[in-house]
Each structure stands twice: as C-alpha cells, then as structure tokens.
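Here's the structure, in structure tokens; my notes come after.
Below, read A as the first sequence line, B as the second, and so on, with proteins coming before strands; counting in each chain starts at 1.
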There are 2 protein chains.
Amino acid sequence: MKSDKISDAVVRRLPVYLRFLNELSHREVLTVSSQELGQKLDLNPAQIRKDLAYFGDFGRKGIGYDVSYLIEKIRQILNLDQQINVALVGAGNLGQALSNYNTYVKDNMRIIAIFDDSPDKVGQKVKDITIQPIDELEKTVRDKHIKIGIITVPDVEAQRVADQLVAAGIEAILNFAPTILKVPSGVRIHAADFTTDLISLAYYLQGGKE
Amino acid sequence: MKSDKISDAVVRRLPVYLRFLNELSHREVLTVSSQELGQKLDLNPAQIRKDLAYFGDFGRKGIGYDVSYLIEKIRQILNLDQQINVALVGAGNLGQALSNYNTYVKDNMRIIAIFDDSPDKVGQKVKDITIQPIDELEKTVRDKHIKIGIITVPDVEAQRVADQLVAAGIEAILNFAPTILKVPSGVRIHAADFTTDLISLAYYLQGGKE
DNA sequence: TAGATTGTTAATCGATTAACAATC
DNA sequence: TAGATTGTTAATCGATTAACAATC
C-alpha cells in the first residue's frame with residue numbers, strides 16, 4: 001500500500017522505530033522482525049508492520065526487516081536524508097539546554113540560529129551560535145533556509161513569536177510554551193509543553209481516585 | 001455520569017482546561033461555556049462537556065460553567081489540592097532548566113530533591129536544593145514522601161534510574177530520555193522526549209511527501 | 001519441505017462528534 | 001417566555017489488533 005493520508009500517530013512512531021534500529025545497527029544486528037520490535041518498543045507487531053507498509057514493502061516474508069535498509073528508508077520518509085535547519089527562539093534556561101543537547105545532529109537536524117530579545121542575551125554565544133535579536137528572525141530564517149522553529153519563550157510571547165516564524169516562512173513549530181498557538185493550516189505544530197504532562201501524572205497518584 | 005475508567009486522553013486535557021480557566025479567573029471572568037473553551041483550546045465543545053461530565057455535573061444548563069468552581073473541581077480531580085513532591089534525577093542542562101522552571105509550584109507541585117552521580121555536581125545547589133548522590137535516592141524519596149520522579153539522565157542510565165525510583169516506591173515517572181522504559185503496571189509513566197517530536201516534524205516539510 | 005514472518009483484509013475497540021431533550 | 005447551554009445517548013470516525021494467505 002502506498003500513501004493515503006498518513007495519520008500523525010503513525011508519523012510519531014517512525015522516529016521511535018528509527019532510534020531502536022540505529023541501536024540494533026550499532027550492535028551489528030542485521031535483521032529484525034516486527035515481533036522483536038514490538039517487544040522492545042511496547043507496540044503491537046501488527047501495528048508496526050502496518051505502519052511500515054504505508055510507505056512500501058520493506059520486509060521479507062519469513063525473514064523480517066533488514067536493519068540498514070529499513071533505517072535508510074525511514075530516514076528518507078522523514079526527510080532526514082537532507083540537512084534540516086532549525087531555529088530556536090528564547091535563550092532562557094530551557095532554550096539553552098535544548099541547544100546544548102543537539103543529539104539530533106546525527107539525524108541531520110541542527111539548530112543553526114538562536115533568537116532572544118533580552119539585551120543581556122543578544123550577542124552572547126551558545127556553543128558557537130551567536131544569539132540574535134528577534135527582529136533579525138525573518139531575514140535569517142529566509143537566508144539560512146530554516147524550516148523548523150522551536151519556541152522556548154515565556155507563555156505570553158509565544159503567539160507573537162509564532163506569528164513571526166510563520167511570516168518568515170517556517171513550515172513547522174515545536175512549542176514548549178503552555179499555550180495553544182493559532183497558526184495557518186499549512187504550518188505543522190506540535191505541543192511539547194511538559195508541564196501539562198507532569199500535572200496530568202498527578203491524577204494517577206494513590207489517595208486520589210484511581 | 002461518574003467514573004468508569006477514564007482514558008488517558010481525557011486526563012491529559014484536564015491540565016489544559018485548568019490552565020485556561022486560571023487565565024479566565026485572573027481576568028475576572030465568572031462564567032464560561034464549552035463553546036468558548038472549545039474555541040480557545042481548539043477542541044470540540046461536545047468533547048469538553050463529555051470530559052467534564054465524567055467527573056460530575058459541574059455546569060449549569062443555559063449558563064455554562066462557573067470558572068472558580070470548575071477550577072476547584074479540576075484541582076481536586078488532579079489531586080492538586082494537596083502538595084505533590086517531585087524528585088528530579090539528572091542535573092545536566094535539561095534537568096537544571098526544569099528545576100529552575102518550577103512554574104508548577106502554583107499547582108502544588110514542587111521539585112524538592114535533585115539527584116546526580118557526577119562528583120562535580122553532588123553538593124552543588126540548584127535554587128536552594130542541594131544535589132544528592134543517587135544512592136541516597138531511595139531513602140530521600142521515602143522520607144520526603146516524593147510521589148513523582150522526573151528522569152533527565154542520559155539514555156543508557158534511564159532504565160537503571162527508573163528501577164531505583166520504582167524500588168523507592170515512586171508512583172509516576174516523567175521520562176525525558178529517548179528510551180522505552182519498562183516499569184511495573186502500578187507505576188504510571190509518560191514519555192516527554194522532545195527529540196521524537198522534533199524529528200517527526202521533519203516528515204511534514206515540503207519537498208518531502210505530503 | 002517446514003517454520004517463520006510479512007503485507008493486508010476484516011473485526012474490534014475506543015475516541016470524537018452530532019444531535020437533542022432537559023432546564024436554567 | 002425565548003434563547004442558551006448543559007449532560008448524555010446515538011452515530012461516526014479512526015486507530016488498533018487479529019487472522020491468514022502469500023512466500024521467503
């Protein structure tokens with residue numbers, strides 16, 4: 001089966017597969033079955049086969065999936081066969097932590113610009129990237145072909161920053177601010193606000209309702 | 001309708017409602033309809049009414065929901081009417097950023113202990129909390145009635161830390177490491193790994209398949 | 001060949017949305 | 001009273017899982 005509309009739930013599992021496949025590759029495992037994948041990733045094997053089958057026939061009956069081949073294919077699907085430039089807006093604690101992180105470099109994703117408006121931040125360096133004022137955002141995003149924006153500014157500034165990113169032609173946003181952002185339908189947005197997650201965990205505590 | 005089994009999707013929306021209701025309360029808005037909530041939060045009004053109705057009859061027909069009353073009720077549902085102690089394991093960049101964050105204090109959630117094993121971190125202070133070695137985790141968690149653990153250690157250490165948290169009697173874990181953790185069924189775990197989110201965004205970039 | 005495992009269809013399960021009587 | 005909005009049932013939609021023929 002080739003692509004209909006692929007649901008977001010499917011797309012979000014692809015990086016999970018990729019990560020584990022990379023680990024297998026590192027351990028020089030050549031082949032893996034949906035069964036084994038399911039066990040490790042806590043997913044139903046049928047679901048994994050179905051997810052992958054949306055994009056092509058990557059497996060071999062009776063054998064399973066060739067690890068390197070599947071890595072290559074998933075990387076293509078996720079556009080990770082080309083470099084993807086990312087901008088980060090908001091160089092506070094969290095923003096700086098994310099920049100330093102940059103594990104995703106091996107996945108061809110790279111934060112190549114950082115913006116912040118506070119005067120004591122502008123001009124400072126975070127790991128060889130100089131923090132720029134936000135009014136340079138639009139030009140830099142265009143000039144450097146930045147496709148994804150990460151928002152780590154405070155709550156109240158998030159929508160304004162999102163608008164600027166959109167105006168600059170960004171295609172996707174990862175939003176760490178605890179606000180629902182309104183963006184045009186062409187722009188993809190994912191909420192990454194962990195406080196929501198953390199607070200929802202409280203529901204499950206004993207002494208509360210089960 | 002009173003509680004059957006409430007799905008995780010419902011529980012995760014409660015903090016979203018709560019946050020916006022707090023904002024309304026701050027603006028001294030007294031009453032809100034599911035219509036208005038839905039508009040602001042990008043959710044279907046029927047879904048909001050249904051979510052709330054799982055827990056009780058909080059609204060008034062023809063009127064809507066009393067903001068303060070609904071805040072009180074959601075806080076009860078989420079156990080936020082009592083203080084919830086949180087431990088953070090891993091005082092790297094991200095861990096320190098999260099500790100400094102502590103917006104959730106107003107929601108009665110508080111990081112009250114931080115653990116790390118690297119010798120240059122132990123004994124240091126992060127905002128009046130002294131970083132402790134991980135082998136003090138179990139005792140501290142028990143003594144201080146810590147119920148939730150946040151994991152911000154590297155990948156390879158995450159499962160070991162999770163095991164220790166579980167052994168110490170923690171009830172829920174927020175995991176920032178990009179690994180699927182195995183925990184006993186009594187323990188609630190949420191994945192908060194933003195690299196997965198970020199990478200999945202790449203799928204939606206133009207020049208890739210739509 | 002016999003055993004394993006895929007790709008895919010059909011069945012199931014669960015979550016979202018529509019519709020509306022009840023009622024403020 | 002007329003208009004608004006809830007709580008809830010029924011309808012819809014979509015995602016997960018089971019099952020199995022195809023085939024390595």
Side-chain angles (χ1 to χ4, degrees), chain A residues 1-14 16-17 20-21 24 29-74 77 180 191 200 203, chain B residues 1-14 16-17 20-21 24 29-74 77 180 191 200 203:
Chain A
M1 188 196 290
K2 285 280 142 117
S3 56
D4 285 273
K5 291 276 156 49
I6 310 293
S7 88
D8 192 47
V10 174
V11 174
R12 278 167 187 268
R13 282 190 293 266
L14 296 178
V16 177
Y17 301 153
F20 182 61
L21 288 164
L24 289 177
V29 176
L30 298 180
T31 276
V32 68
S33 68
S34 60
Q35 176 94 197
E36 297 169 79
L37 281 167
Q39 204 142 58
K40 278 295 183 177
L41 303 177
D42 261 337
L43 296 170
N44 182 296
Q47 181 169 63
I48 295 173
R49 295 200 297 280
K50 201 161 200 263
D51 284 356
L52 296 174
Y54 282 118
F55 302 100
D57 289 3
F58 301 147
R60 285 209 295 158
K61 291 177 172 142
I63 310 287
Y65 299 89
D66 180 279
V67 172
S68 320
Y69 181 69
L70 192 52
I71 287 174
E72 189 195 325
K73 285 302 177 186
I74 294 180
I77 294 163
I180 310 296
S200 75
Y203 174 81
Chain B
M1 188 196 290
K2 284 281 142 118
S3 56
D4 287 273
K5 290 277 154 49
I6 311 293
S7 87
D8 193 46
V10 174
V11 174
R12 279 169 187 267
R13 282 191 292 268
L14 296 179
V16 177
Y17 301 153
F20 182 62
L21 288 164
L24 289 177
V29 176
L30 297 181
T31 275
V32 69
S33 68
S34 59
Q35 177 93 196
E36 297 169 79
L37 280 168
Q39 204 140 59
K40 279 294 184 180
L41 303 177
D42 261 337
L43 295 170
N44 182 297
Q47 182 170 62
I48 294 172
R49 294 201 298 280
K50 201 162 201 262
D51 282 357
L52 297 174
Y54 281 118
F55 303 100
D57 289 3
F58 301 146
R60 285 211 295 161
K61 292 177 172 141
I63 311 285
Y65 298 90
D66 181 279
V67 172
S68 321
Y69 181 68
L70 192 51
I71 288 175
E72 187 193 328
K73 284 303 175 184
I74 295 181
I77 294 163
I180 311 295
S200 75
Y203 174 81

Tell me the stems DNA chain D sits in, counting at least three consecutive Watson-Crick or G-U wobble pairs, each under 3.5 Å on both distances.
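Expected stems, ordered by start: C:3-24 with D:3-24.
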Just how far, in rounded Å, is [atom2] of [N] from [atom1] of [X]?
X     : N      : atom1 : atom2 : value
B/Y65 : D/dT5  : OH    : P     : 12 Å
A/L70 : C/dT5  : CG    : P     : 16 Å
A/K50 : D/dC20 : NZ    : P     : 17 Å
A/F58 : C/dG7  : CZ    : P     : 9 Å
A/D8  : D/dA15 : CG    : P     : 9 Å
A/D51 : C/dT6  : CG    : P     : 13 Å
B/I48 : C/dA18 : CD1   : P     : 13 Å
A/R49 : D/dT17 : CZ    : C1'   : 10 Å

Report all interatomic pairs (protein N or O, nucleotide N or O of nucleotides 22-24 of chain D) with separations under 3.5 Å.
{"unit_1": "D/dC24", "atom_1": "O4'", "unit_2": "A/K61", "atom_2": "O", "d": "3.1"}
{"unit_1": "D/dC24", "atom_1": "O3'", "unit_2": "A/R60", "atom_2": "NH1", "d": "3.0"}

Who are the side-chain contact (heavy atoms from CB on, under 4.5 Å) partners of [X], not counting sequence neighbours?
X      : answer
A/S7   : A/A9, A/V10
A/I180 : B/V16, B/L41, B/D42
A/Q39  : none

How long is the straight-line distance from CG of A/L24 back to OG1 of A/T31, given to the nearest 0.5 Å?
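Reported value, rounded in 0.5 Å steps: 10.0 Å.
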What distance separates B/I6 CD1 from B/D51 CG, expressed to the nearest 0.5 Å?
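Interatomic distance, B/I6 CD1 to B/D51 CG, rounded to 0.5 Å: 9.0 Å.
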Taking only residues two or more places apart in sequence, or in another chain, which ones meet [X] in a side chain to side chain donor-acceptor pair (under 3.5 Å)?
X     : answer
A/N44 : none
B/D8  : A/Y204, B/R12, B/R188
B/E36 : B/S33

Give every donor-acceptor pair under 3.5 Å between a side-chain atom in residues 62-74 of chain B and any protein atom, sequence neighbours left out.
{"unit_1": "B/D66", "atom_1": "OD1", "unit_2": "B/S68", "atom_2": "N", "d": "3.3"}
{"unit_1": "B/D66", "atom_1": "OD1", "unit_2": "B/Y69", "atom_2": "N", "d": "2.9"}

Counting side-chain heavy atoms from C-beta on, which of [options] comes nearest to [X]?
X     : options               : value
B/A53 : C/dG7, D/dG7, C/dT17  : D/dG7
B/A9  : C/dT8, D/dT8, C/dT16  : C/dT16
B/R13 : C/dT6, C/dT16, C/dT17 : C/dT16

Counting only non-hydrogen atoms, which of residues 32-44 of chain B are less than 4.0 Å from DNA chain D?
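Of all residues in residues 32-44 of chain B, the ones placing a heavy atom under 4.0 Å from DNA chain D are B/S33, B/S34.
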Could you pull out all residues at least two apart from A/R60 that satisfy salt bridge (Lys or Arg N to Asp or Glu O under 4.0 Å)?
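With neighbours one apart ignored, the set is empty.
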Does A/R49 have any salt bridge (Lys or Arg N to Asp or Glu O under 4.0 Å) partners at least two apart in sequence or in another chain, and if so, which?
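A/R49 satisfies salt bridge (Lys or Arg N to Asp or Glu O under 4.0 Å) with no residue once adjacent residues are dropped.
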Would you say D/dG14 has OP1 or OP2 under 4.0 Å from some side-chain N or O of A/S7?
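Checking A/S7 against D/dG14: no side-chain N or O falls below 4.0 Å of OP1 or OP2.
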If I compare all heavy atoms of A/F58 with all of A/L52, which pair ends up nearest, and what's the gap?
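Minimum heavy-atom separation between A/F58 and A/L52: CE1-O, 3.8 Å.
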